[in-house]
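This is the structure I want to talk about, given as structure tokens.
Whatever order the structure lists ligands and atoms in, that order sets their numbers, starting from 1. These numbers were taken from a predicted model, which means no experiment stands behind them.
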Amino acid sequence: MSEVEGSGASGGGGEPALDARGWSAVGRTRSHNEDSWGIDPETGLFLVADGMGGHSHGEVASRVAVEEIRRVVAEGELADGGDCAEAGGPCRTDLLEHAFRLAHRRVLAEIQADRVLGGMGTTLVAFLVGGATGTIAHVGDSRAYRLRDGELELLTQDHTWVHEQVRAGLLSEEQARVHPLKNVVTRALGGDGYLTVDVGEVELEPGDRYLLCSDGLTTVVEDAEIAERLASDEPLEAVCRGLVEAAQEQGSYDDVTVVAIRVE
Ligand code: CA
């Protein structure tokens, strides 16, 4: 029950060359895969979204959010009506934040148009590469990691109730991983109230490997195994498939999605 789709990505004009692949599989107890993902080599955009909501509505939320972010980034449309391609690199943070806001509105508009979709929402993690800079934006508990010199580093902080407790010193990371409320996200596209998007930048170095993933991976597969698999010199698609299968073998009932990016 795997879905496969892969796509290469490579920069030109002195920019670092990238190789990127993704893999996704529906959870064991589910009839629909509510995760969505995307790789846009042209714009250097990589995405993973994890939808939530009754029936198959999470699938709608994650799909429309990914579509909207791809559209806004491809058009380079900024909140003030400016054009990011003309403005150059420094606007990528603004561009992604604006894209997340429009994706949030788009999910809310879908709910307004069809009330049966009420309560649906989605997490989203996006990685946008331009030159030697990667801009990371996220909402919810889909994550971005970097593997550099054998060290795996988490680049995002989950917007979940359990991670708020970890940050307050009330739960350990290990307690959070198995907590009955571990799936409660405190921020989502389509959720209530003002949307705050976390955005940050990293400088890419040759040999870096980046991973975007839904929580179907990280609730069951330990960081040490993620690091080991990401470090492998196997073709990237096999690395992605291996990560998804490891989550399934280790008892994930959830949908599992990964997008891996190598800086050559
Ligand atoms: Ca999930």
Side-chain angles (χ1 to χ4, degrees), residues 1-5 22-38 46-67 69 100 103-104 107 117 119-127 136-145 154-166 173 175-191 195 197-198 211-223 225-226 229 240-260:
M1 295 271 278
S2 298
E3 288 169 21
V4 57
E5 217 183 295
W23 194 274
S24 183
V26 65
R28 261 196 280 165
T29 55
R30 300 179 170 215
S31 56
H32 295 83
N33 190 338
E34 299 202 319
D35 290 355
S36 295
W37 60 284
F46 310 91
L47 298 155
V48 167
D50 178 351
M52 59 204 93
H55 308 286
S56 61
H57 302 158
E59 191 183 356
V60 177
S62 67
R63 180 173 46 77
V64 300
V66 164
E67 275 173 12
I69 304 270
F100 270 60
H104 177 53
V107 174
L117 298 172
M120 75 172 181
T122 187
T123 73
L124 192 74
V125 58
F127 189 58
I136 300 163
H138 89 288
V139 167
D141 62 356
S142 295
R143 294 180 174 179
Y145 288 90
L154 178 60
L155 302 174
T156 51
Q157 283 205 330
D158 292 351
H159 302 137
T160 58
W161 182 83
V162 289
H163 276 85
E164 285 176 1
Q165 306 309 302
V166 171
E173 286 284 353
Q175 286 170 321
R177 193 193 275 272
V178 296
H179 198 282
L181 297 179
K182 66 178 187 294
N183 293 323
V184 177
V185 299
T186 49
R187 283 192 224 172
L189 277 74
L195 181 76
V197 185
D198 286 4
L211 178 74
L212 310 181
C213 61
S214 62
D215 72 327
L217 178 77
T218 48
T219 50
V220 291
V221 181
E222 302 274 353
D223 284 1
E225 183 174 354
I226 292 174
R229 289 180 176 276
C240 290
R241 200 178 60 227
L243 282 162
V244 169
E245 286 171 0
Q248 293 179 311
E249 280 158 19
Q250 287 163 47
S252 181
Y253 286 93
D254 200 1
D255 305 324
V256 189
T257 302
V258 301
V259 168

Between the side chains of Glu222 and Arg177, is the shortest nitrogen-to-carboxylate-oxygen separation below 4.0 Å, so that they form an ion pair?
yes
Arg187/Asp198 salt bridge by N-O under 4.0 Å criterion
yes
Lys/Arg-Asp/Glu bridge criterion (N-O < 4.0 Å) met for Arg28, Asp254
no
Can you classify the ring geometry of His159 versus His138 as parallel (below 30°), tilted (30 to 60°) or perpendicular (above 60°)?
parallel
Lys/Arg-Asp/Glu bridge criterion (N-O < 4.0 Å) met for Arg63, Glu67
yes
If I only include protein atoms of type N, O or S, how many are less than 3.0 Å from the Ca ion (ligand 1)?
3
side-chain hydrogen bond (donor to acceptor under 3.5 Å, both in side chains) evaluation trace for Ser142 with Thr123:
CA-CA 6 Å; Ser142 295; Thr123 73; 2.6 Å; yes
